[in-house]
Protein chains: 2
Amino acid sequence: LARVYFAQQAEICYSICRNAIIFSVKIAELGEFGLIDILSGMAAASGKQPPLSRRKLLIGIGDDAAAWQCDAAVDLATVDSLIQNVHFSLETTSWYELGWKALAVNLSDIAAMGGVPDFALVSLSLPGDIEVADVEQFGRGMLDMAEQHGVTIIGGDTCRAPLVSVAVTVLGNAANRERLLRRSGARPGDKIAVTGYLGGAAGGFEMLAKGLKLPLESAEALRKALLLPQPRIAEGGLLVGEGVRTAIDVSDGLLADLAHICHSSAVSAKVRVDRIPVHPALMGNFPPEKVLELALSGGEDYELLFTADAETMEKVRVAATSPVSVIGRIEEGEAGVVRLIDINENPVRMPKAGWEHFKTE
Amino acid sequence: LARVYFAQQAEICYSICRNAIIFSVKIAELGEFGLIDILSGMAAASGKQPPLSRRKLLIGIGDDAAAWQCDAAVDLATVDSLIQNVHFSLETTSWYELGWKALAVNLSDIAAMGGVPDFALVSLSLPGDIEVADVEQFGRGMLDMAEQHGVTIIGGDTCRAPLVSVAVTVLGNAANRERLLRRSGARPGDKIAVTGYLGGAAGGFEMLAKGLKLPLESAEALRKALLLPQPRIAEGGLLVGEGVRTAIDVSDGLLADLAHICHSSAVSAKVRVDRIPVHPALMGNFPPEKVLELALSGGEDYELLFTADAETMEKVRVAATSPVSVIGRIEEGEAGVVRLIDINENPVRMPKAGWEHFKTE
């Protein structure tokens, strides 16, 4: 029967691949069941993931649905997809990086709520001529990201498709429903701040898309910013702890994501261009105006953008172990409007608005 | 800014479409934000869905992640994708049917655990030349299915892609962790039963793929079986209540899904071919041998296949309001092996094994 046949075949192929004897087994030769077995087998074999997560998993991969004991205060859920030739190109993205990033961008959404991620479900679509060894690298990247944040992959499905696409759902929890990081909490007078550095992912995209030759150290930093992003889980927890109630992760670009906050909160914002923490690897490798554009409008940095009153903001800056830059302030005004100003409060012309995930139109 | 611009545009387009003035607005003219706004606007405007589900939703569409109060005993989660030209063709599937089915197949997985569905997250990929009116129909189908089962759509993402694909994650709950319908609970001596009728979806697929001209009533029944399946939520609850502990939904085909149970439970099974409840609309429209093949190996019927001891099975048959057919028994033997027998216990030759979701290879 299909199940038994494919499962056995998958086991054989998997063990062969792991022993590096044959690397040319194609997904088409495995079928749907084989692929699920490979990914769940990797999760089990890695030995790195806790067999039971922080939360009590009752049923993982292999039944109709996953089940866990409901023991948190608040459940969180988010989904995001990466589509070949829309969000990534296999010419510039390794399978390891794809697996890592597909999970990381979803963990970032949990971070932006101030929550802790628990579980992930992965829906993977692949052409039949993809090699099993590549899928193993995909799984390796995803499991490495999962391990760093204590996430267990509890289910998923795989199927054949003309292009590679990955839809990941991440489930998490928060301890207190009154202390979630929403988009709607910004108030006039709040300061606006962002973690880390901006524009690195967009710079990495420019570099890879245009084949730019940059110094090795810059090239590696920008590639990592684009393809191996780090979700700011710990920082999200710190913000919650210090009293912040408003945040978003920078996925569409600083200006676009700040506009999301302003729209949800029915406020305006002013951003000081001289305060933007541009990614160090951009400096000297792109013209100054381009650097600013990448930092303001490039997306996928997955830093946390947040607002809070001055006192709370000061507590965050003292407590934070990674960079936090105050870049502007929330004001009364037309909902969703963001204005750039210079050090003398004079208006600065906007660069083009946030990208929609590197889409070319 | 992008957000405000697209959101306003989406509102305009949506209201225009609803008033049937223009039906040719393309997705490409909306962008990602516009599409999310349309779908969430439809959910809000339908007025059919409860603003708060059975469970206390704290944050729905429009933030980084959805959040709800964790107040059940057991949380359930499942994901399944439908990919254009793999799982469906837009030449034979309406947008309404696609939206309905994409959610229904996931609710079926919750039914097969004996759980109740609460929330759905939808990741939708679309080519830019899809019309907004089509996406509205997609949303309508999904919301109608959601409404029937008290499900709230709490999040999702949309993006451009060369082909249409939908990945739906459904979150549900169960009241008692000891009473989940697992795949691994089948014991030698158990009877095997299935709800409803089998082969209808596969018959509908044959009909549409080959352009068969069937009598209107049969054609409508088979089309509905394939494209507007009904997840057996109520039946799953009934099974749990009567003491059943082992079930799966028939998505890969009766034989393949029974093999899944047998594999997970480390048992064999015998199935009486004369007991198979073939879909009535198949009779007379396909040769008898083909009818049996469709019922045994065709997939996507989304009936519940379950096992239980004779006493429990009798209680189920008495309590059930929809058809339940006992079709065989669980035996000791090689894990995962399913054999067909006739009324005299003589072996019957297997038709080909379960399809992998109508894939053509």
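Side-chain atoms are counted along with the backbone in the values below, which use heavy atoms only and exclude waters and symmetry mates. Reminder, nothing fancy here: chain letters follow the sequence lines and each chain counts from 1.
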Just to verify, what does A:D63 make a salt bridge (charged side-chain N to carboxylate O under 4.0 Å, His left out) with, not counting sequence neighbours? B:R183
What's the spacing between [X] [atom1] and [Y] [atom2] if we round to 0.5 Å?
{"X": "B:D75", "Y": "A:Q69", "atom1": "CG", "atom2": "CD", "value": "10.0 Å"}
{"X": "B:R177", "Y": "A:C70", "atom1": "CZ", "atom2": "SG", "value": "12.5 Å"}
{"X": "A:D157", "Y": "B:S251", "atom1": "CG", "atom2": "OG", "value": "10.5 Å"}
{"X": "B:L82", "Y": "A:S123", "atom1": "CG", "atom2": "OG", "value": "9.5 Å"}
{"X": "A:L180", "Y": "B:L58", "atom1": "CG", "atom2": "CG", "value": "7.0 Å"}

Pick one of side chain, backbone, both or neither for A:I59, based on which atoms fall under 4.5 Å of a heavy atom in chain B. side chain
Heavy-atom proximity to chain B below 4.5 Å, by part of A:A167: side chain
Per the ring-ring contact (aromatic ring centres under 6.0 Å, His included) rule, what does the pair list look like for residues 64-85 of chain B, sequence neighbours excluded?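 Those involving residues 64-85 of chain B are B:W68-B:F119.
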With a 4.5 angstrom heavy-atom cut-off, which part of [X] approaches chain A: side chain, backbone, both or neither?
{"X": "B:I248", "result": "both"}
{"X": "B:S81", "result": "both"}
{"X": "B:L171", "result": "side chain"}
{"X": "B:A66", "result": "both"}
{"X": "B:A174", "result": "neither"}

Evaluate the side-chain proximity of A:D64 to B:T78: yes if any heavy-atom separation is below 4.5 Å, no if none is.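 Not in contact.
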In terms of heavy-atom pairs under 4.5 Å, which option from B:L163, B:V122, B:L121, B:I154 contacts chain A the most?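 Option with the top pair count is B:L121.
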Heavy-atom closest pair, residues B:H87 and A:C159: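 Distance-wise, the nearest heavy atoms are CE1-SG, 3.4 Å.
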Among A:C262, A:A161, A:A73, A:S165, who wins on heavy-atom pairs under 4.5 Å with chain B?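 Most heavy-atom pairs under 4.5 Å with chain B: A:A73.
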